Amino acid sequence: MDLSLMNKEQKRAIQTTEGPLLIMAGAGSGKTRVLTHRVAYLMQEKEVPARNILAITFTNKAAREMRDRVSALIRNGASDIWVSTFHAMCVRILRSNINYLGYENSFSILDPTDQRSVVKDILKRRNLDIKQHNPRSIIGFISDRKNSLIRPKQSAEEAEGYLDTLYSEIYHDYQQILYRNSALDFDDLIMLTIELFEKEKTVLERYQNLFQYIHVDEYQDTNHAQYQLVKLLAAKYRNICVVGDSDQSIYKFRGADITNILNFEDDYPEAAVIKLEQNYRSSKNILDAANAVIGNNTERKPKALRTDRDGGPKLHSIVSASERGEGQEIVRNIQDLSSGYSYNDMAVLYRTNAQSRAIEDALVKSNIPYKMVGGMKFYDRMEIKDLMSYMKVIQNPNDDIAFERIINVPKRGIGPKTVDKLKEHGVHTGASIYEAIKESDFIGISKNAVVKLMNLNDMLDNLKQKSKYMSVTELVDEVLADTGYLDLLEKENSLESRSRIENLEEFRTVTREFDKDNEVSDELLFTFLSDMALVSDQDGVDEDSGVTLMTMHASKGLEFKIIFIVGLEEGIFPSRRVMFDDKELEEERRLMYVALTRAEDRLFLSRADSRMIYGKTETNMRSRFLSEIPEELVEGEAADTPKPIASDSFTMNSRGPKKKSRVITNNSGVSFTVGDKVEHRKFGEGIISGIKGEGDSQELDIIFTTVGVKRLLANFAPLTKKE
DNA sequence: TTTGATATTTTTTTT
DNA sequence: AAATATCAAA
């Protein structure tokens, strides 16, 4: 195998095949290349059979890419390597073994909307107020527990206080409902695989023997459950290679535990450790900026990436009047650069999906092609979810969650009242909705409704029969025809229904693609649904030409010649929610680091003087992350501007929207602007960090030294200006 | 039961 | 601004 193009550390990482290995791979240090070569090296030089190699990646797209790149290095056999995400691997394992845990092998996988409806059902049944108990936080609670491998019983035992106890009980109900439906949520995939391994040692041993060489990419973003899973699998051979960069840990909110990578050497004292600090991606200016920003994090092992590339152009700072102006400025720069670069080389990164709108609008107006990652996801569209629910019900009629979604879609006169009765029956007897329908005559449902239910029942049974000998595409067509779904849309003939039909058409290209690779069989529908449940946003990035739009989170692992980072304002990025929590602020800064290090040649940093948020105009200070970049690396905005500048001097585009004054005057005639130091009668000294709203309801965000941030009405707050 | 109208809430980030 | 929840009328 030719390793002549590798540096010394990279070679060592590839050739250290036996025993535990920790690769600390900085951004752009050729980590993917090392991983692919290592796998190829194992097969070619060490003659390890492909099926004994496991490689876990963060996204399905990364998995596909890794498989392709290994294929390019070796003659054949790459298709036998296990390359997948944690979740996809667990689905595969559970699919053939979950019956040990009492679930059906044909289990379905819940998406977040399904989870929400399960939780809401539980709240309703327990007569709890949905406003007091936000389903979101309950789902978060359950997810946290599962990621920590805490079962409902243990959660209840360890609960402290009323809320903990209550949520543990809800967790218990939730888990029971899922079990009854043979449904798993994302976290279950990991947790139940571990449970399976602990319960059935022979199954564990089988996989331990199979996975003799294990690789885990993005190890800094694994959670506790994933960590345990890897530990179990690697226990026999201890050939475990993890790759990660603690500076790029950005998924704490999802349970990622950075100590997994920091303590790797404690778990495996014999581990070899290799650091890759040579960056091959970014120009020196970009790298210097990234190093300077991340250097502000205190909780980290110091390290600095090196590059042999020259300085390159300076980073470019852009200030616009509003988010619309920001979009226009981005477009202007894209057009300037489009002579030397392809649109594919450019990406716009933002903190929240909602920020994509203004950018999209500007791109559409200028006829610039773009592709968006995430956002309103294709598979989240109503018609797609409806269709998927039909498929789920056909595959597993006892999937109540899917069943409830389609029971009255299209409208067939089976309303909430009837559904309640069916569910009520289920609570007493343990029957699913599907089973309850067969009893519907005896449980107080009107004759009228019973007939309708029977019709539905017959139609579904009929579809189920058909599904056994049809391709998925054919089945989709049958479902759309038999249910009258397509008819309904065609009859409506509105702009919206047209687009829905287009989306369904688009879905058929997905199924056709799937049918091409899969033979018709009993398992076909199940395989299709499993695959679908695991597709992630990042998987959608394809070859079509265009500027890429995505969140900074979604950009991890990718690189582009030109990067635009937008919305660099306090309260946007860093997000308002974390501004005063040092720990979370450090995670936010790592996110900035990830964003910065995506760029190879050019980097644009953009902010707007004010922008619309929740339908209100807000004015925010420039992001601290901007200020952390040494000014000599940046051109554009005068780098050393301690506070935003008054009035219209930054309306770069004369066609831009009229700028609102960011100086406001209160009832006593005192005027304030962002950055002013003020004195409050009760809270003491503070600094104005933002201005919200319009007219009489204008509010000031003020950071007080004593009490942190407060939002006060400009007209009534007892404020005096200092200095 | 379904529908349309009005009130209320919501945004981090995601496999 | 947009999505969701709640309420009133048909």
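A note on names: the letters A, B, ... follow the listed sequences, proteins ahead of strands, and every chain is numbered from 1. What you see is a predicted model; the values in this text were computed from it and never measured.
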Verdict with reasoning, A:Asp245 to A:Lys31, per salt bridge (Lys or Arg N to Asp or Glu O under 4.0 Å): CA-CA 10 Å; A:Asp245 177 2; A:Lys31 145 198 101 159; over 6 Å; no
Closest nucleotide among B:dT15, B:dT11, B:dT14 to the A:Phe186 side chain: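 Given the options B:dT15, B:dT11, B:dT14, the side chain of A:Phe186 is closest to B:dT15.
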A:Phe253, nearest nucleotide to its side chain (from B:dT15, B:dT11, B:dT14): B:dT14
Residue mapping more 5' on DNA chain B - nearest nucleotide basis, A:Thr85 or A:Glu584: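 On the 5' side of the pair lies A:Glu584.
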5′-ward residue of the pair A:Ala354/A:Lys417 relative to DNA chain B: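 Upstream on the strand: A:Lys417.
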Flag if over 12 foreign heavy atoms under 6.0 Å of CZ, A:Arg412: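 Count over threshold, so yes.
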Rounded to whole angstrom units, what separation is found between the [atom1] atom of [X] and the [atom2] atom of [N]?
X: A:Leu110; N: B:dT14; atom1: CG; atom2: C1'; answer: 16 Å
X: A:Asn134; N: B:dT11; atom1: CG; atom2: C1'; answer: 13 Å
X: A:Asn147; N: B:dT14; atom1: CG; atom2: C1'; answer: 12 Å
X: A:Leu349; N: B:dT13; atom1: CG; atom2: C1'; answer: 13 Å
X: A:Lys616; N: B:dT9; atom1: NZ; atom2: C1'; answer: 13 Å
X: A:Met89; N: B:dT15; atom1: CE; atom2: P; answer: 17 Å
X: A:Met372; N: B:dT14; atom1: CE; atom2: P; answer: 11 Å
X: A:Met552; N: B:dT11; atom1: CE; atom2: P; answer: 19 Å

Verify stack between A:Tyr251 ring and B:dT13 base, 5.5 Å, 30 degrees: no
Heavy-atom protein contacts under 4.0 Å, nucleotides 2-8 of chain B, coded B base, S sugar-phosphate only, - none: SS-----
Does a side-chain N or O from [X] land closer than 4.0 Å to OP1 or OP2 of [N], or not?
X: A:Asn353; N: B:dT13; answer: yes
X: A:Ser575; N: B:dT13; answer: no
X: A:Arg136; N: B:dT11; answer: yes

Given A:Arg624, A:Arg622, A:Arg607, the one that forms side chain to side chain donor-acceptor pair (under 3.5 Å) with A:Glu570: A:Arg624
Pairwise C1' distance, B:dT11 and C:dT6 [rounded to whole Å]: 22 Å
Aromatic contact, A:Phe253 with A:His553 (centres under 6.0 Å):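 When the ring centroids of A:Phe253 and A:His553 are compared, they turn out to be within the sub-6.0 Å range.
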Working for salt bridge (Lys or Arg N to Asp or Glu O under 4.0 Å), residues A:Glu323 and A:Arg611: CA-CA 5 Å; A:Glu323 75 270 25; A:Arg611 70 174 67 233; 5.5 Å; no
Chain A contact limits on DNA chain C, taken 5' to 3' with a cut-off of 4.0 angstrom to heavy atoms: C:dA1 to C:dA5
Aromatic ring pairing A:Phe197/A:Tyr207, orientation class (parallel under 30°, perpendicular over 60°, tilted between):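 The arrangement is tilted - the two ring planes meet at 30° to 60°.
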Between A:Arg95 and A:Thr527, a side-chain donor and acceptor under 3.5 Å: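 A:Arg95 vs A:Thr527: donor-acceptor pair found between side chains.
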Flag for A:Tyr593-A:Gln248: side-chain donor and acceptor within less than 3.5 Å: no
A:Asn455 vs A:Asn457 side-chain heavy atoms within contact, under 4.5 Å: no
Note: A:Lys385-A:Asp111 ion pair, threshold 4.0 Å (strictly below): yes
Touch class at under 4.0 angstrom, heavy-atom based, for A:Lys452 against every strand present: nothing
Touch class at under 4.0 angstrom, heavy-atom based, for A:Arg590 against every strand present: nothing
